[in-house]
Amino acid sequence: MMLALRRWWRDDVLELAKEWRWSFLPPLMIYMAAGISGLTGIAGTFFVKEYLDLSAAFLAALGFWAGIPWALKMPLGHLVDLFWRRKALFVWLGAALIAASLLIMIGLTTDREAMAALWPVSYWYVLSTLLAPLGYVLQDVVADAMTVEAVPTRDERGEPLPEAQIKLMHTTLQTLGRIAILGGGVLVSLANVLVFSGTEQLTAAQKAPLYARVYALALVIPLVSVSGVLMAAWMRRQARRRHLRRGLDPALWNEASVEAPAPNWPLLWGSLFFVAFTVTMGLLDFPGNQEVIFAGSMAVILFLMRRLMNELTPLARRTLAGTALVIFVFRATPTAGPGLSWWMIDVLGFDQSFLARLSLIGSVLTLAGLFIFRRFMAERSILDIVVILSVIGSLLSLPYLGMYHGLHEWTSRMTHGVIDARFIALVNTAVESPLGQVSMVPMLAWIAHSAPPHLKATFFAVMASFTNLALSAAELGTKYLNTIFVVTREVRAPDGTVLVPADYSQLGMLLTAVIAIGLIAPLATVWYVRSSTRLQAQ
């Protein structure tokens, strides 16, 4: 056992330190800012539940709209390539949008009456929800491309590095990127534990200042991401000075060595049309507009993927197509939606303090899981990883279905109160948490390694947009399931009158459908891809 632990420490932990490059730090800071974005998750959940009369289906639909900016990574990525030397401006703009979103929520939690006098509170909340992802996607596009640039291809003498070493550094950087995001999640979980400690007996009105404090703390997010690009600029100036002091040719300097791409006008004009089309469809608000937008997004992304894959070899194209399809279906599986959280709050009695501790445990164990499963990610194919995660994910969803049918009441009686609902939730979170990020690291490392130097942001954005569009598909699926299996929480008027009664009678069927789809869809897709590969090989 000790020998295995020492080998793991040497191969999976110390190896990360050996592969560290200071050029990794700027994109990692932007990724950490994305991780800190989870700071407002618990406050947002309770704010919606206590102050807004929004249905689970509406919130799922809002999640769909919030996911649309991530499909716009394609034109944004191409713009970043075209204006690479001005990429910091994209991060600054993203920081401004994130700050605006947080300031709206600060206003809603500190002076709702004044905000409501200008605009309905639900409208302000929708605006805040839509501004934030647009800001994050602007920053994420730059950070993704910076990970390609951050990996050196030559040593200090100007000699090319071995291909295996470059590939290893890409995997290391993408692993560190996930660690940065999760490290930010650990920090925000600690902050939530401290902020919501001892709030069990507070009324909704007494908790409002705590929500405001959380949103005020979240203003550190844009500061961290902007610090990343400022540090990148400083490091770039220092590296250029070292380059010139060695007497090397200035023409071989990194930024000048990569020829700027010509503008892809079909991509840019098509994206402009797509944005106008998306906004128009949203404003018209006719039945099926989300489906139309999703189909249009998918068509554009598939067209661009086909064009960009011409840059790859035939074998690499087939590998990328099959891998992207499996990842898409895996990420497109629907969830139970906010109804499950409402049920845990109302029926199981999970308050802000407990949910904050649950989030902290999940973040810490997920961070540890990236180290524990590093070799597993490196040695297994993405198809194998998806199969394993789909099976384990379905199994780990069963305890919630069991608790809906009274599992926690039976275990509590049998163990004299030891294994109750909170105990089951803690154990389930501890086992489930490390698995969420495992499927992404190999995919991101492969994309970064395959990206053409002159189209790094465009290539990364198109491939990531395809997999991110799966999240919009998941939100659509969640909306459909919540329309079929309706779950409502209690909504009261200011005078205490019950406007909407709580109804969790169909939550069991909803959970059953989610578990079945989450298991069957990915496994069927993996079988199809592998069967197609065997047929092509023959």
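Atoms CG and CG, from L134 and L138 in turn, are 5.0 Å apart once rounded to the nearest 0.5 Å. Atom CG of L471 is separated from atom OG1 of T333 by 9.5 Å, given to the nearest 0.5 angstrom. With rounding to the nearest 0.5 Å, the separation of CG in L383 from CZ in F330 is 12.0 Å. Put simply, CD1 on I106 and CG on L217 are 9.0 Å apart, with the number rounded to the nearest 0.5 Å. Going from atom OG1 of T109 over to atom CE of M115 covers 9.0 Å, rounded to the nearest 0.5 Å. L108 contributes atom CG, which lies 11.0 Å from atom CG of L103 (distance to the nearest 0.5 angstrom).
In this structure, the side chains of P334 and Y480 stay at 4.5 Å or more apart for every pair of heavy atoms. Annotation: side chain of I30 is not in contact with side chain of P26 (no heavy-atom distance under 4.5 Å). The shortest side-chain heavy-atom distance between V514 and L340 does not fall under the 4.5 Å cut-off. A 4.5 Å side-chain heavy-atom check between Y215 and I104 finds every atom pair outside the cut-off. Under the 4.5 Å side-chain criterion, counting only non-hydrogen atoms from C-beta, L523 is in contact with V387. Counting heavy atoms from C-beta on, the side chains of K479 and L476 come closer than 4.5 Å.
Closest of all the heavy-atom pairs between T478 and A336 is CG2-C, 4.3 Å. Residues P522 and V386 come closest through the heavy atom pair CB-CG1, 4.1 Å.
With sequence neighbours excluded, the residues that form a side-chain hydrogen bond (donor to acceptor under 3.5 Å, both in side chains) with S101 are S128.
Taking the six-membered ring where tryptophan is involved, the planes of W119 and W124 are perpendicular, since the angle between them exceeds 60° and thus also 30°.
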Hey, can you pull the donor-acceptor pairs under 3.5 Å for the side chains in residues 220-230, sequence neighbours left out?
unit_1: S225; atom_1: OG; unit_2: Q139; atom_2: OE1; d: 3.2
unit_1: S225; atom_1: OG; unit_2: Q139; atom_2: NE2; d: 2.9
unit_1: S225; atom_1: OG; unit_2: P222; atom_2: O; d: 3.0
unit_1: S227; atom_1: OG; unit_2: L223; atom_2: O; d: 2.7

Exercise for the section: Begin with the C-alpha distance, continue with both residues' side-chain angles, and end with the deciding distance and a verdict on side-chain contact (heavy atoms from CB on, under 4.5 Å) for S122 and V126. Expected result: CA-CA 6 Å; S122 59; V126 170; 5.5 Å; no
Practice task
Test I98 against Y136 for side-chain contact (heavy atoms from CB on, under 4.5 Å), laying out the working first.
Solution key: CA-CA 7 Å; I98 294 168; Y136 286 118; 3.4 Å; yes
Practice task
Check the pair Y528, V326 against side-chain contact (heavy atoms from CB on, under 4.5 Å), reporting the backbone distance first and the verdict last.
Solution key: CA-CA 9 Å; Y528 169 76; V326 170; over 6 Å; no
